[in-house]
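First the structure, in the form of structure tokens, and then the observations on it.
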Amino acid sequence: MYLGGATVFEYKIDPIAWGLAMLFSIMPDIDLPTSKVGRPLFWISVPLEKRFGHRTITHSFVGIAILVTMISPLYFYFPLYFWAVLGGYWSHLQIDMANFRGVDLFWPSPIRVVMPGKRAYRLEVGSKAEMIVFCSMLVFCVGLYPMSNLGLRGGLHQILKDFDISYDEFIEVQGANWYTLELKAIDNLTLEHINCVCPILGAWQSGLIIEHNGTVRSVGKSQMQHNLFPVDAVLIKGEPLRVISQRVDMKGKSLRWLVNNLKANHGYYLVGELYVDADKVVNVSQIETYHPVLWGGDKVRLHYAKAEDLGEYLNVTAIRGEVVVQFWLRPGDKPVELNFAGGEDGGEVPDILQGL
């Protein structure tokens, strides 16, 4: 149950939680003095058996309610431990239902719950059938362990190598870790076949932005909006990521001013929008469906751009807008040292800003 829960609900396997699930999987038998848990806790098990008998109160919803009340603080501080205890306890009741006697799940009602209902299919304690079930569950656990680390979607992702799963998973976890994409794709412009393990920068138009051979490209199902069409894709989690951001007001300044005056000890990406003089003509020969710098007549949009991507846009001066400078740091990287060298912008000032 613990490994199955980790597979379906994708929580991280924790040795303490797993140990609690194992411990409390035998706890319902505290009403039996000869059981593994009843012997050391005889001062509890003996009175319980004399007063209520075996498989009654501790094997019922009343017993579960008492347990929930006792462990309720865990729900608020360590929810994974809470569910491990409760799941382990319930697993005992679940398998006892497959025994000839069943359990008094609705105690103090005398109704006994058994499953399966046909007696021939139930298990006798200590029988060969019980040992077969036990061994089957051990084999199942061994097979389930790798899947429990990946999660259900992660396991399917490794098998199917579906790009949509990679995209959905990245959207949920982006910003927490470095992620790479193990990718087989076709270039929509040249029809070149590409195989790479490429760093992922972000998401764009229901696709992912990757860095391939030093060039930022988009990957997605739309041939009109993306550079690369994915054939196989697997998302790979990497080291923890820390992003340091600095906003820069670009009013009256050019991108050349930004690049020349921005001094930092790390590489960086530029993200933002600049509104510019619509009469300004920029010689843009870019025919790619995605580019880190997008020109829209009166707007220049930066999307994970680096200094070398700015090319034809360096002398364009912003009427208004801002740029966010992002530094992506790995564990152990030096702290970011960021400063502006100062100096006036040498770019041409648009007519609309003259006299301001």
Side-chain angles (χ1 to χ4, degrees), residues 1-117 122-126 129-131 133-142 144-145 147-148 152:
M1 286 188 67
Y2 184 79
L3 294 177
T7 301
V8 175
F9 299 108
E10 299 184 357
Y11 52 75
K12 186 177 180 181
I13 293 179
D14 180 272
I16 297 177
W18 201 349
L20 287 172
M22 294 166 62
L23 174 63
F24 278 84
S25 70
I26 62 172
M27 197 57 69
D29 276 348
I30 197 173
D31 62 356
L32 187 63
T34 57
S35 66
K36 289 182 175 62
V37 68
R39 283 195 295 268
L41 298 176
F42 65 91
W43 47 279
I44 298 177
S45 60
V46 171
L48 279 176
E49 186 188 37
K50 287 183 177 179
R51 177 66 178 84
F52 302 106
H54 183 42
R55 292 191 185 179
T56 54
I57 185 172
T58 62
H59 290 64
S60 69
F61 286 126
V62 173
I64 293 174
I66 294 172
L67 176 67
V68 168
T69 302
M70 293 174 63
I71 65 172
S72 57
L74 287 177
Y75 181 80
F76 300 99
Y77 298 102
F78 304 101
L80 182 60
Y81 295 167
F82 173 87
W83 292 111
V85 169
L86 190 59
Y89 195 93
W90 173 258
S91 71
H92 184 111
L93 274 58
Q94 182 72 54
I95 203 164
D96 270 359
M97 292 178 197
N99 184 251
F100 284 144
R101 182 193 182 282
V103 298
D104 294 357
L105 192 60
F106 300 100
W107 184 92
S109 169
I111 298 175
R112 288 180 180 173
V113 178
V114 293
M115 54 183 305
R122 293 184 225 157
L123 301 174
E124 182 181 357
V125 176
E130 187 182 59
M131 183 57 64
V133 171
F134 172 69
C135 293
S136 300
M137 292 177 114
L138 285 179
V139 172
F140 181 72
C141 285
V142 172
L144 191 60
Y145 183 78
M147 184 72 77
S148 64
L152 185 60

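Numbers for residues simply follow the sequence, beginning at 1.
A distance of 10.5 Å separates SG in Cys135 from CD in Glu130, rounded to the nearest 0.5 Å. We find the OG-CG distance between Ser60 and Leu93 to be 8.0 Å, quoted to the nearest 0.5 Å. With rounding to the nearest 0.5 angstrom, the CH2 atom of Trp83 is 15.0 Å from the CG atom of Leu20. Rounding to the nearest 0.5 Å gives a distance of 12.0 Å between CD1 of Ile26 and CG of Leu32.
The stretch residues 16-35 participates, sequence neighbours left out, in these ring pair (Phe, Tyr, Trp, His ring centres under 6.0 Å) pairs: Tyr2-Trp18. Among residues at least two apart or in separate chains, salt bridge (charged side-chain N to carboxylate O under 4.0 Å, His left out) pairs with a member in residues 100-110 are Arg101-Asp104, Asp104-Arg112. Within the structure, no pair that satisfies the salt bridge (charged side-chain N to carboxylate O under 4.0 Å, His left out) test touches residues 20-47, not counting sequence neighbours. Sequence neighbours left out, not one pair with a member in residues 68-91 passes salt bridge (charged side-chain N to carboxylate O under 4.0 Å, His left out). Contacts classified as salt bridge (charged side-chain N to carboxylate O under 4.0 Å, His left out) and involving residues 55-72 (residues at least two apart or in different chains) are given here: Arg55-Asp96. Applying the ring pair (Phe, Tyr, Trp, His ring centres under 6.0 Å) rule to pairs touching residues 84-103 yields His59-His92, sequence neighbours excluded.
Applying the side-chain contact (heavy atoms from CB on, under 4.5 Å) test to Ile30 and every residue at least two apart in sequence or in another chain returns Met27, Val37, Leu41, Ile44, Leu48, Thr58. Contacts of Trp107 classified as ring-ring contact (aromatic ring centres under 6.0 Å, His included), with partners at least two apart in sequence or in another chain: Phe52. Every residue meeting the side-chain contact (heavy atoms from CB on, under 4.5 Å) condition with Ala129, not counting sequence neighbours, appears here in chain and number order: Leu123, Ser127. Remark: Tyr75 pairs with Phe82 by the ring-ring contact (aromatic ring centres under 6.0 Å, His included) rule, at least two apart or across chains. Partners of Arg122 under the salt bridge (Lys or Arg N to Asp or Glu O under 4.0 Å) rule, at least two apart in sequence or in another chain, do not exist in this structure.
Met137 CE: 12 or fewer foreign heavy atoms inside a 6.0 Å radius. Within 6.0 Å of CD1 in Ile111 there are 12 or fewer heavy atoms belonging to other residues, nucleotides or ligands.
Contact between Ser45 and Gly38 at its shortest, heavy atoms only, is OG-O, 2.9 Å. Taking every heavy atom of both residues into account, Gly88 and Ser91 meet most closely at O-OG, 2.6 Å.
The side-chain heavy atoms of Ile57 and Arg51, taken from C-beta on, include no pair separated by under 4.5 Å.
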Run Leu3 and Ile13 through side chain to side chain contact (heavy atoms under 4.5 Å, CB included) and show every step you take. CA-CA 8 Å; Leu3 294 177; Ile13 293 179; 3.8 Å; yes
Between side-chain atoms of residues 61-73 and protein atoms elsewhere (two or more places apart, or another chain), which donor-acceptor pairs fall under 3.5 Å?
unit_1 : atom_1 : unit_2 : atom_2 : d
Thr69  : OG1    : Ala65  : O      : 2.9
Ser72  : OG     : Thr69  : O      : 3.0

